[in-house]
Trainee: 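Just dropping this structure here.
Because the structure is predicted, anything quoted here is derived from the model rather than measured.
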Amino acid sequence: MEKPTCIRGTRTLSHTLHLDRMRVSGLLRLSALLFTLVATWLFLRNSIGLSTKTIRLPRWLGVASKEIQVPKSKCGLSKPCPANFFAFKICSGAANVVGPSMCFENEILMSPVKNNVGRGLNVALVNGTTGRVMRMSSFDMYTGDPNLLLKFLAEITEGTLVLVASYDDPGTKINDDIRKLFTNLGSSYAKNLGFRDSWVFLGAKDLRSKSPFEQFLKNNPETNKYEGWPELLELEGCVPQKIF
Ligand SMILES: *[C@@H]1O[C@H](CO)[C@@H](O)[C@H](O)[C@H]1NC(C)=O
């Protein structure tokens, strides 16, 4: 007996539909996968890329082939540094609440997240030729031993960049020897540094003149932004690489 064609027909139809659905969902899955891959690639390229870059989206993405400017400079600088310059950004601590941070060539050297900052003076030494970090240390200037900082500063060799950020109180235990060493690194304000001042500085061991990279705010109850502390300071810029 011949089977009713409608059943076979129905069966065929449903079979076809099923196949179609599978094909569609497969396509969707493939597109989703492609999209994820492309997005990941763009993201990685973007986060690894250090300076302003132009990203050209592939034409087949279906997006009008437009050039998208992604402003992303090292250390988040508003403008990328020229070749043979190092980008840096130094933030002092905010009152006694938020620790300071230092970025050099897009690398966070010291920060609360890295858990290597402390109240007092935070100092990082960088090789002025290679840009590689050499030493980092935090010096308690309220209850600590100032000789630790004195020794640290006295051992700095020629061609070293010195990054400094204050936090809470950088001044109570400071002494004339320390002030003099900072002044020799190009600081204009180390001689005035005192209790709860805000200070950010980048200098160099063999600097013959005053460093252009320095900001200083005196602790002054009349003008303090926070109750017992002046405003936090931010310092950013491009420092020329020392070429021998
Ligand atoms: C910086 O690195 C170079 C190359 O490794 C080295 O020759 C130079 O002595 C270093 N400078 C300092 C100040 O350590």
Side-chain angles (χ1 to χ4, degrees), residues 73-79 81 86-104 108-126 136-144 146 148-150 152-153 156 160-205 207 209-239:
S73 307
K74 288 176 184 170
C75 295
L77 264 59
S78 44
K79 250 169 53 182
C81 294
F86 295 127
F88 73 91
K89 182 168 186 170
I90 307 173
C91 301
S92 72
N96 60 347
V97 180
V98 183
S101 61
M102 286 181 198
C103 174
F104 191 87
I108 306 292
L109 303 183
M110 303 184 84
S111 79
V113 172
K114 290 199 81 176
N115 198 27
N116 60 353
V117 292
R119 298 194 182 163
L121 285 170
N122 297 273
V123 189
L125 306 184
V126 173
M136 295 182 276
S137 202
S138 179
F139 300 93
D140 181 340
M141 299 304 286
Y142 185 66
T143 57
L148 297 176
L149 176 58
L150 188 65
F152 187 91
L153 294 177
I156 295 175
T160 305
L161 293 172
V162 184
L163 290 75
V164 184
S166 67
Y167 181 27
D168 188 8
D169 174 26
T172 295
K173 287 280 189 94
I174 201 163
N175 59 41
D176 285 347
D177 290 335
I178 294 172
R179 290 182 202 282
K180 199 172 152 219
L181 286 172
F182 276 129
T183 305
N184 288 345
L185 295 170
S187 169
S188 309
Y189 297 104
K191 57 179 190 292
N192 306 325
L193 193 64
F195 178 64
R196 288 189 181 177
D197 294 343
S198 283
W199 184 41
V200 281
F201 170 66
L202 183 147
K205 172 69 178 175
L207 211 62
S209 51
K210 289 289 166 216
S211 167
F213 307 116
E214 184 167 27
Q215 286 205 61
F216 179 71
L217 263 180
K218 253 252 121 343
N219 165 23
N220 179 350
E222 304 281 302
T223 54
N224 278 351
K225 162 132 177 178
Y226 311 109
E227 217 164 288
W229 296 263
E231 193 165 1
L232 74 95
L233 290 172
E234 268 187 45
L235 179 70
E236 62 170 54
C238 306
V239 61

Trainee: Using salt bridge (charged side-chain N to carboxylate O under 4.0 Å, His left out) as the criterion, list what pairs up with E236, not counting sequence neighbours.
Mentor: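 E236 satisfies salt bridge (charged side-chain N to carboxylate O under 4.0 Å, His left out) with K89 only.
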
Trainee: Return each pair, listed once, that meets salt bridge (charged side-chain N to carboxylate O under 4.0 Å, His left out) where at least one residue sits in residues 177-191; pairs must be two or more places apart or across chains.
Mentor: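 Those involving residues 177-191 are D176-R179.
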
Trainee: Report the residues that fulfil side chain to side chain contact (heavy atoms under 4.5 Å, CB included) with S211, sequence neighbours left out, ordered by chain and then residue number.
Mentor: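 So S211 forms a side chain to side chain contact (heavy atoms under 4.5 Å, CB included) with F201, L207, F213.
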
Trainee: Of all residues at least two apart in sequence or in a different chain, which pass the side chain to side chain contact (heavy atoms under 4.5 Å, CB included) check with L233?
Mentor: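 So L233 forms a side chain to side chain contact (heavy atoms under 4.5 Å, CB included) with S92, S198, V200, Q215, L217.
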
Trainee: Does CZ belonging to F195 count more than 12 external heavy atoms closer than 6.0 Å?
Mentor: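 Yes - once you tally the heavy atoms of other residues, nucleotides and ligands closer than 6.0 Å, there are more than 12.
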
Trainee: Measure across P146 and G144 and return the closest heavy-atom pair with its distance rounded to 0.1 Å.
Mentor: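 Where P146 meets G144 most closely, the heavy atoms are CD-O, 3.4 Å.
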
Trainee: For the residue pair N122 and F139, establish whether any side-chain heavy-atom pair is separated by less than 4.5 Å.
Mentor: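 Sidechains of F139 and N122: no contact.
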
Trainee: Who pairs with K114 by side chain to side chain contact (heavy atoms under 4.5 Å, CB included), at least two apart in sequence or on another chain?
Mentor: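 K114 satisfies side chain to side chain contact (heavy atoms under 4.5 Å, CB included) with I108, S111, N116 only.
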
Trainee: In chain order, what residues pass the disulfide bond (SG atoms under 2.5 Å apart) check against C103, with sequence neighbours excluded?
Mentor: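 C75.
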
Trainee: Would you mind reporting whether V126 and T160 have side-chain heavy atoms less than 4.5 Å apart?
Mentor: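 They are not in side-chain contact.
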
Trainee: Just to verify, what does S137 make a side chain to side chain donor-acceptor pair (under 3.5 Å) with, not counting sequence neighbours?
Mentor: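 For S137 there are no side chain to side chain donor-acceptor pair (under 3.5 Å) partners, ignoring immediate neighbours.
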
Trainee: Which pair of non-hydrogen atoms, one from S138 and one from V117, has the smallest distance, and what is that distance?
Mentor: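 It is OG-C, 3.9 Å.
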
Trainee: Indicate the atoms forming the closest heavy-atom contact of L77 with F88, along with that distance.
Mentor: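 The pair with the smallest heavy-atom distance is CD1-O, 3.6 Å.
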
Trainee: Within a reach of under 6.0 Å around OH of Y142, are more than 12 heavy atoms found that belong to other residues, nucleotides or ligands?
Mentor: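 12 or below, so no.
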
Trainee: Test: ring-ring contact (aromatic ring centres under 6.0 Å, His included). Region: residues 161-185. Which pairs qualify, not counting sequence neighbours?
Mentor: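 Qualifying pairs, neighbours excluded: F182-W199.
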
Trainee: Compare all side-chain heavy atoms of M136 with those of L109 and state whether any distance is below 4.5 angstrom.
Mentor: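 Answer yes - side chains close enough.
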
Trainee: Under the rule for salt bridge (charged side-chain N to carboxylate O under 4.0 Å, His left out), what residues qualify as partners of K173, not counting sequence neighbours?
Mentor: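 K173 satisfies salt bridge (charged side-chain N to carboxylate O under 4.0 Å, His left out) with no residue once adjacent residues are dropped.
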
Trainee: State, yes or no, whether a side-chain contact exists between K79 and S73 at a heavy-atom distance under 4.5 Å.
Mentor: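 Side-chain contact under 4.5 Å: no.
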
Trainee: Can you sort out the partners of D197 under side chain to side chain contact (heavy atoms under 4.5 Å, CB included), two or more places apart, ordered by chain and number?
Mentor: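 Once residues adjacent in sequence are excluded, the partners of D197 under the side chain to side chain contact (heavy atoms under 4.5 Å, CB included) criterion are L193, F216, K218, N219.
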
Trainee: Any non-hydrogen side-chain atom of V123 less than 4.5 Å from a side-chain atom of L163?
Mentor: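 No, their side chains stay 4.5 Å or more apart.
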
Trainee: Under the rule for salt bridge (charged side-chain N to carboxylate O under 4.0 Å, His left out), what residues qualify as partners of K225, not counting sequence neighbours?
Mentor: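 Counting only residues at least two positions away or on another chain, K225 forms a salt bridge (charged side-chain N to carboxylate O under 4.0 Å, His left out) with E231.
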
Trainee: Under the rule for salt bridge (charged side-chain N to carboxylate O under 4.0 Å, His left out), what residues qualify as partners of D140, not counting sequence neighbours?
Mentor: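 Checked D140 against salt bridge (charged side-chain N to carboxylate O under 4.0 Å, His left out); zero matches.
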
Trainee: So which heavy atom on A165 is nearest to which on P100, and how close?
Mentor: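 Here A165 and P100 meet closest at CB-CB, 3.7 Å.
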
Trainee: Any idea which heavy atoms bring D169 and M141 closest together, and the distance?
Mentor: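 So the two residues come closest at O-CB, 3.6 Å.
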
Trainee: Step by step, work out the side chain to side chain contact (heavy atoms under 4.5 Å, CB included) result for L161 and L125.
Mentor: CA-CA 6 Å; L161 293 172; L125 306 184; over 6 Å; no

